[in-house]
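Below: the structure, in structure tokens.
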There are 2 protein chains.
Amino acid sequence: MSGMTFLPHPDTEHITLANVLTALGDETRLAIIGHLARNEENAMTCGQFLDLGSKTSLSYHLAKLREAGVVHVRPEGTKRFVTLRRVDLDARFPGFLDTIIATTRHLPFACRDGNVLTNAQLAEVGTS
Amino acid sequence: MSGMTFLPHPDTEHITLANVLTALGDETRLAIIGHLARNEENAMTCGQFLDLGSKTSLSYHLAKLREAGVVHVRPEGTKRFVTLRRVDLDARFPGFLDTIIATTRHLPFACRDGNVLTNAQLAEVGTS
DNA sequence: GCAATAGTTCAAAAGTTCTTGAACATTGAA
DNA sequence: TTCAATGTTCAAGAACTTTTGAACTATTGC
């Protein structure tokens, strides 16, 4: 009934560069950021990242990103809506997120089987 | 006599974002980058980073930064002169290094004993 | 209530990173 | 040649990170 699932997020002023860099220095998490960046209008659920790893492993990686202050996770029903903390990151490290995204955008997208997603597949992941 | 110590550096096009982020996602290495950024005119030797860790540990961290393509190391005599690979990083990830440095600049500088260097001490490290 | 959906937590295992000290290598100078 | 200076390599250990599957929680809809 209550829905009070605790999902701690650091305050903007407690987001540190070292934590953000550590969070992003991982292929899976960088790929998650890529998915989010291609989709900044509509929040994504965890399930939409399943091409990048198992449910458990994604839960782990998304927690890392959340704890570092890179993403915000909003529980709604049984789902969690994940968004980039763009405003906070821009305030804290101006220009940083954009250079990451710009690079991530024209990178091939590795998925869990080691092959690479086509643009068509990416569009599908992005809009489903 | 020969002086042919091999110090492999990745080519510019082989510098990857994930490797750079992993290399920078560490307090010691971020502090090294901070020292280098305050000193971009004159190359620094490894010995000038000794407030950040032991000789062995710095050798390890500087190798990480070199292998990721973040710094260039030029042997000269018994010393190694370390510089940021600014041109290459700017070509590969435009704006990235500057946002890192801008953040690093107004960060307190932790040194190995857990205390923080004053600006005077930093200047001393930088120009000795 | 019961089942389905969406995600988390736990403990174990495997792998990676970092620090340490001792031994080594290279260069330059007395 | 011998010494000091500067840094590297090696092996061991401690501490983290990541992945797994099984068990769990919370919510929604029937």
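Residue numbers begin at 1 in each chain, while the letters A, B, ... track the order of the sequences.
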Separation of atom CE in A:M44 from atom P in C:dG7, rounded to whole Å: 11 Å

Whole-Å distance separating the NZ atom of B:K64 from the P atom of C:dT16: 10 Å

Beyond-backbone contact of A:T45 with A:Q48, side-chain heavy atoms, under 4.5 angstrom: yes

For atom CG of A:L65 and atom C1' of C:dT8, their distance in whole Å: 16 Å

Anything under 3.5 Å between a protein N or O and an N or O of nucleotides 7-10 of chain D, put it in a table, one pair a line.
from  : atom 1 : to    : atom 2 : distance (Å)
D:dG7 : OP1    : B:C46 : N      : 3.3
D:dG7 : OP2    : B:G47 : N      : 2.9
D:dG7 : N7     : B:K55 : NZ     : 2.8
D:dG7 : O6     : B:K55 : NZ     : 3.2
D:dT8 : OP1    : B:R80 : NH1    : 3.1
D:dT8 : OP2    : B:S59 : OG     : 2.5
D:dT8 : O5'    : B:S59 : OG     : 3.4

Integer-rounded Å distance: D:dT17 P and A:D26 CG: 11 Å

Distance in angstrom units between A:E76 CD and C:dA6 P, rounded: 14 Å

Pair A:R86 + A:D98: basic N to acidic O under 4.0 Å: yes

Sequence-distant partners of A:R85, side chain to side chain donor-acceptor pair (under 3.5 Å), two or more places apart: A:D88

Nearest-Å distance for atom pair CD/P, residues A:E67 and D:dT17: 10 Å

Donor-acceptor contact below 3.5 Å, side chain B:R80 vs main chain B:V73: no

d(NE2, A:H61; P, C:dT8) in whole Å: 13 Å

DNA chain D: 5'-proximal contact among A:T28 and A:G77 (nearest heavy atom): A:T28

Under the salt bridge (charged side-chain N to carboxylate O under 4.0 Å, His left out) test, residues paired with A:E67 that sit two or more places apart: none

B:F96 with B:I101, same ILVMFWY side-chain cluster at under 4.5 Å: yes

B:I32 CD1 - C:dC18 P separation (whole Å): 11 Å

